[in-house]
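Each ligand, and each atom within it, is numbered from 1 in the order the structure gives.
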Amino acid sequence: MNRDLILRVAGNQFRSVAASAIEGRRITADEALLLYEKAPLSLLALLASNMRERLNGKRVLYNINFHLEPTNICIYGCRFCSYHRERGDEGSWDYSTEQMLEMVRNHASRPVTEIHITGGVHEGCDLRRWGDLIEKIGLEIPSIHIKAFSAVEIDYMAESYSRPPGYVLQYLKERGLSSLPGGGAEIFDSQIRELIAPKKPSAERWLEIHRIAHALSLPSNATMLYGHVEKYRHRVDHMLRIRDLQDETGGFLSFIPLKYRSANNLMKDTGEVPLTEDLRNYAVARLFLDNIRHLKAYWPMLGKESAASALSFGVDDIDGTIEESTSIYRMAGNRERAAMSVEELRELITSARYEPAERDSLYNIVNREPLSPGSSSHPT
Ligand code: V47
Ligand code: SF4
């Protein structure tokens with residue numbers, strides 16, 4: 001839709017912010033708050049789509065990856081988390097390096113380009129052990145991109161070795177670490193953080209670790225856990241801190257809003273926000289984070305249908321065709337099978353009238369022969 005038409009739809013109340021968005025000017029925190037609180041969903045869809053087309057055309061990217069979750073035993077006990085267990089609890093796990101390498105070998109014949117490793121944190125989450133693990137994974141699949149260890153895990157390794165995070169990141173990089181996932185950010189506001197994740201490292205520490213990673217040429221993602229007790233202003237504050245850091249380093253590859261899922265955790269009475277709220281959130285994130293090119297929908301958390309709707313609200317990246325090894329959202333109440341074949345994912349994108357394209361972890365397009373059914377990443 002052309003500029004004048006969008007501005008007419010925007011009306012007086014939103015004309016100025018709409019013009020900024022369309023003309024590529026940065027929107028302010030107050031404008032983001034206004035969009036969150038008052039903008040009609042139809043206008044948000046138009047503005048976010050306009051911006052996503054300017055940045056990414058009609059393309060929707062996906063990556064063929066698999067998740068490895070070494071353990072769900074975790075000392076932090078975040079109140080929103082349905083996944084963590086105490087050692088010895090029913091449903092807890094803590095894989096040995098050999099068990100994890102066996103899982104990796106099971107993927108070696110599949111066309112995966114990335115392994116995503118993250119999990120709980122406990123006394124066994126040792127820097128040398130994780131360094132050894134990723135080194136061995138690199139020997140099993142030399143071409144694989146290893147995206148591993150959230151800032152929370154990096155912080156734990158640094159603290160337990162009484163070393164700065166830069167030491168830990170450099171050590172892991174030398175053993176094959178190529179980027180960091182965006183977990184652990186939650187909501188940066190200290191009061192909300194205290195309510196939902198009182199034991200977790202602070203927002204400042206999360207940002208510091210990503211700043212250092214970027215300086216070491218380790219790119220990363222940023223997440224935001226939304227739809228619980230936070231208010232819109234906390235989301236804006238969160239994204240502002242990410243936008244500021246991105247201005248400084250340019251190291252964030254994508255922004256990933258994570259919808260709070262309420263089953264089986266201490267905050268279950270909070271409930272979940274409706275799909276319209278997810279779409280509003282994607283659109284405002286797209287418009288506010290003008291310096292992060294990719295906006296990712298993590299479909300195992302959102303569900304397939306909702307992920308397809310999110311494409312019309314600024315999302316240009318759908319997290320991969322992943323395996324059932326991803327348990328964090330299943331345990332938090334998403335009953336959908338956490339796996340989708342490449343064909344299914346491409347179909348979801350084309351049915352929404354976008355253009356699917358496979359990407360690698362650094363957002364280069366992967367051109368490959370059509371996958372034969374035998375080599376698809378569909379779980380057997
Ligand atoms: O930090 C935990 C979230 C995150 C719940 O970087 C929950 O590519 C909703 O960060 N409801 C970990 N969310 C996962 C993560 C991630 C996921 C996909 C891709 C990438 C990436 C990173 O999961 C945690 C927390 O914010 N989480 N429990 C819950 N009940
Ligand atoms: Fe541990 Fe992560 Fe769950 Fe918090 S969200 S309890 S850090 S596994």
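Taking distance alone, with nitrogen or oxygen atoms compared against 3.5 Å, Ile256 stays at or beyond that limit from ligand 1. Geometrically, ligand 1 and Arg261 share a nitrogen or oxygen pair separated by less than 3.5 Å.
Within ligand 2, the atoms closer than 4.0 Å to a non-hydrogen atom of Cys78 are 4 (Fe), 5 (S), 6 (S), 7 (S), numbered from 1 in the order shown. Listed by number with element, the atoms of ligand 1 under 4.0 angstrom from any heavy atom of Thr223 are 10 (O). Distances below 4.0 Å separate heavy atoms of Asp319 from the following atoms of ligand 1: 18 (C), 19 (C). Close contacts of ligand 1 with Pro181, meaning ligand atoms under 4.0 Å from a residue heavy atom, involve 6 (O). In summary, the atoms of ligand 1 found under 4.0 Å from a heavy atom of Asn221, numbered by their order in the structure, are 6 (O), 8 (O), 21 (C). Against a heavy-atom cut-off of under 4.0 Å, His116 is close to the following atoms of ligand 1: 8 (O), 19 (C), 20 (C), 21 (C), 22 (C). Short contacts between ligand 1 and Asn265, defined as distances under 4.0 Å to a heavy atom of the residue, involve ligand atoms 30 (N). The ligand atoms of ligand 1 that sit less than 4.0 angstrom from a heavy atom of Lys147 are 8 (O), 21 (C). Less than 4.0 angstrom separates some heavy atom of Gly184 from each of these atoms of ligand 1: 1 (O). In summary, the atoms of ligand 2 found under 4.0 Å from a heavy atom of Tyr83, numbered by their order in the structure, are 8 (S). Against a heavy-atom cut-off of under 4.0 Å, Cys81 is close to the following atoms of ligand 2: 3 (Fe), 5 (S), 6 (S). Proximity to Cys74 (heavy-atom distance under 4.0 Å) selects the following atoms of ligand 2: 1 (Fe), 6 (S), 7 (S), 8 (S).
Distances from atom 5 (S) of ligand 2 to the heavy atoms of His122, Lys200, His84 put Lys200 nearest. Closest heavy-atom approach to atom 14 (C) of ligand 1 within the set Leu258, Asp317, Leu225: this belongs to Leu258. The closest non-hydrogen atom to atom 25 (C) of ligand 1, taken over His228, Glu186, Glu69, comes from Glu186.
Using a 4.0 angstrom heavy-atom cutoff, Lys296 counts as in contact with ligand 1. Heavy-atom distances between Met301 and ligand 1 stay at or above 4.0 Å for every pair.
A donor-acceptor contact shorter than 3.5 Å links the side chain of Arg193 to the backbone of Ile187. With hydrogens and angles disregarded, a donor-acceptor distance shorter than 3.5 Å links the side chain of Arg368 to the backbone of Pro111. Side chain of Glu114 to main chain of His145: no donor-acceptor pair is present (N/O by atom type, distance under 3.5 Å, no hydrogens or angles). No donor-acceptor pair closer than 3.5 Å links the side chain of His228 to the backbone N or O of Tyr260. Between the side chain of Trp206 and the backbone N or O of Gly183, at least one donor-acceptor pair lies under 3.5 Å. A donor-acceptor pair under 3.5 Å is absent between the side-chain atoms of Arg241 and the main chain of Leu207, judged by distance alone. Judged purely by atom type and a 3.5 angstrom limit, Asn72 uses its side chain to pair as donor or acceptor with the backbone of Trp93.
If you look at Phe80 next to ligand 1, the close heavy atoms, those under 4.0 Å, come from the backbone and the side chain alike.
Side-chain contact, Asn221 with Ser254: a donor N or O sits under 3.5 Å from an acceptor N or O. For Thr118 and Glu69, the side-chain atoms include no donor-acceptor pair closer than 3.5 Å. Side-chain atoms of Ser220 and His214 form a donor-acceptor pair, as typed in the model, at a separation below 3.5 Å.
In this structure, Leu362 belongs to a hydrophobic cluster whose other members, linked by side-chain heavy atoms under 4.5 Å apart, are Leu61, Leu253, Tyr363, Ile365.
Listed by first then second residue, pairs satisfying salt bridge (charged side-chain N to carboxylate O under 4.0 Å, His left out) with a partner in residues 176-192 read Glu186-Lys200, not counting sequence neighbours.
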